[in-house]
Amino acid sequence: MSFSLRDILDMIFSVIKTAEPVDILDILVLSYVVYVALKLVRETRAGQLIKGILMIVLVFILANWLNMKAISYLLSETLNIGLIAIIILFQPELRRTLEKAGYTKLIPWFSVSNASEDVWKKAIDAICDACVELSATSTGALIVVERQTRLGEQIDNGTILDAIPSKELFGNIFYNKTPLHDGAVIIRDGKILAAACFLPKPQKEELINKRLGSRHRAAIGMSENSDAIVIVVSEETGSISVAENGVLRSGFTRENLHQLLTERLIAVNAETTIDRVAKKIPFIKSYKRKKQREEQEHGEHHQQVETQPQRETPEEGSDET
C-alpha cells in the first residue's frame, strides 16, 4: 500500500486539527523523556549496548522482509524479553539516574540556607585556614560543603558533631591517629554537622586518572550526585583541590579557595526568596527591572534639584530690594 505526498500531508493536517492541549503536553513530556534517555546513554557505557540492540532490531526487520522464519522467530522471542534484559544490563546506570533525580529539588530557589552571612564568613575562614595548615603538613582531608541538595544519607553513616568549625577542630579530625580521620566532614549551615562520612563512588571511575587516590575519587562522586562543593587536601602532595559538578580542579591557594567559597555560598545565600523567584519568572524580572530604572531616574532627578543653585533671599533690614 503506497501513500502519496498529498496523503501524508492530509494525515498530518488531520492530526493537527484534532490535537488538544493535553496532546501537546503529552508530546512535550515524551520528548523530554527521550532527551533524558539519550543523555543517559551518551554519558554512560550504555552507548555500546544500545548500538547492539539497534543492530538486533535491524536484523529482525531484514529477516521479516526476506521471510526468514527461523531467524525472525528467534529474534522476536529475544525482543519480547528485551525490557527485562535492558533493566538488568543497565542496572547501575538506572540506579545512578534515580539517585540523582532523588537528590534534585523541584523548586531549588526556595532552598535557602538557615545560616547568616556572618556565620558563613567565619566558616569559610576556618575552612581556608585549615586547608592551608593541612596542606603544609601533607595531611589528607575531605570536606563537603552542603548547599541545596541535602546529604542525609551520607550524614547518617557518619558521626554527628554539630560543632562550630575552626582550624584546630579540622586538624584534630583529620589527624591520622584519630578515629574520625578516615572519611569526609560535612558542613551544613556553616557548622560541622558530621565527620567520618562515606561518599558515593564516581559514575565513570574507570576514566579517572589512576594517580588520583580514594579521597579525590570520593570527591568527584559526591559532586556528581549533588550540588555540594567538595574540598580535598592530598596526603601525598599536599595540594588543595575542589570538586564541583563532577569536575575536579587542583592547585588552589587560600585566596582563590576563599573567593570560590564566598561566591558559591555567601553571594547565593544573600539573595532573598523573592529575588530567586524573580530570576525564574520573566514577567516579575522585567517588572523588577522597570521599578529599579524608575527609582534610579527619580533619584537622579532629586539629586539634580538639590544641587541647583538657589537665590539668596535678602535678610530683613538689608539694603537689597
Gln259 and Glu263: side-chain donor and acceptor closer than 3.5 Å?
-> yes
For residues Ser76 and Phe60, determine if any side-chain heavy atom of one lies less than 4.5 Å from a side-chain heavy atom of the other.
-> yes
Close side-chain approach of Trp120 and Thr262, heavy atoms under 4.5 Å | no
Taking the side chain as every heavy atom from C-beta outward, state whether Leu261 and Ile229 have any atom pair closer than 4.5 Å.
-> yes
Worked verdict on Val145 versus Leu265 for side-chain contact (heavy atoms from CB on, under 4.5 Å) = CA-CA 9 Å; Val145 183; Leu265 301 173; 3.7 Å; yes
Are any side-chain N or O atoms of Asn225 and backbone N or O atoms of Gly221, one a donor and one an acceptor, separated by less than 3.5 Å?
-> yes
Report yes if the side chains of His216 and Ser241 come closer than 4.5 Å at any heavy-atom pair, otherwise no.
-> yes
Please lay out, stage by stage, how Phe252 and Ile231 fare under the test side-chain contact (heavy atoms from CB on, under 4.5 Å).
-> CA-CA 10 Å; Phe252 277 82; Ile231 306 164; over 6 Å; no
Find out whether Val185 and Phe174 are in side-chain contact, i.e. whether some heavy atom of one side chain is under 4.5 Å from a heavy atom of the other.
-> yes
State whether the side chain of Thr137 and the backbone N or O of Leu134 hold a donor-acceptor pair below 3.5 Å, judged by distance alone.
-> yes
No-hydrogen, no-angle side-chain donor-acceptor test under 3.5 Å, Asp227 and Thr149 = yes
Honestly curious: do Val132 and Val232 fall in one hydrophobic cluster under the side-chain, below-4.5 Å linking rule?
-> no
Each residue besides Leu28 in its hydrophobic cluster should be listed here, by chain and number; the cluster joins Ile, Leu, Val, Met, Phe, Trp and Tyr at side-chain heavy-atom distances under 4.5 Å.
-> Ile24
Step by step, would you call Leu193 with Ile187 a side-chain contact (heavy atoms from CB on, under 4.5 Å)?
-> CA-CA 5 Å; Leu193 185 59; Ile187 296 178; over 6 Å; no
So among Ile266, Val119, Leu260, which one has a side-chain contact (heavy atoms from CB on, under 4.5 Å) with Ile124?
-> Ile266
Is there a side-chain contact between Lys201 and Arg217, using heavy atoms and a 4.5 Å cut-off?
-> no
Might you confirm whether atom CD1 of Ile160 has over 12 heavy atoms from other residues, nucleotides or ligands at distances under 6.0 Å?
-> yes
By the rule that ILVMFWY residues connect when side-chain heavy atoms come within less than 4.5 angstrom, directly or transitively, which residues belong alongside Tyr73?
-> Leu74
Is Leu248 close to Val242 at the side-chain level, that is, under 4.5 Å between some pair of heavy atoms?
-> no
Shared hydrophobic cluster, Phe198 / Ile173 (ILVMFWY, side-chain heavy atoms < 4.5 Å) = no
Going through the distances and angles, do Asn64 and Ser72 end up as a side chain to side chain donor-acceptor pair (under 3.5 Å)?
-> CA-CA 6 Å; Asn64 274 336; Ser72 299; 3.1 Å; yes
Is Ser234 close to Leu212 at the side-chain level, that is, under 4.5 Å between some pair of heavy atoms?
-> no
Trace of the side-chain contact (heavy atoms from CB on, under 4.5 Å) decision for Leu151 with Met222 | CA-CA 9 Å; Leu151 308 177; Met222 187 74 266; 3.7 Å; yes
Determine, for Lys167 against Asp125, whether the closest basic-nitrogen to carboxylate-oxygen distance falls under 4.0 angstrom.
-> no
Which residues satisfy the salt bridge (charged side-chain N to carboxylate O under 4.0 Å, His left out) test with Glu244, sequence neighbours excluded?
-> Arg147, Arg249, Arg264
Under 3.5 Å, side chain of Thr139 to main-chain N/O of Tyr175, donor-acceptor pair present?
-> no
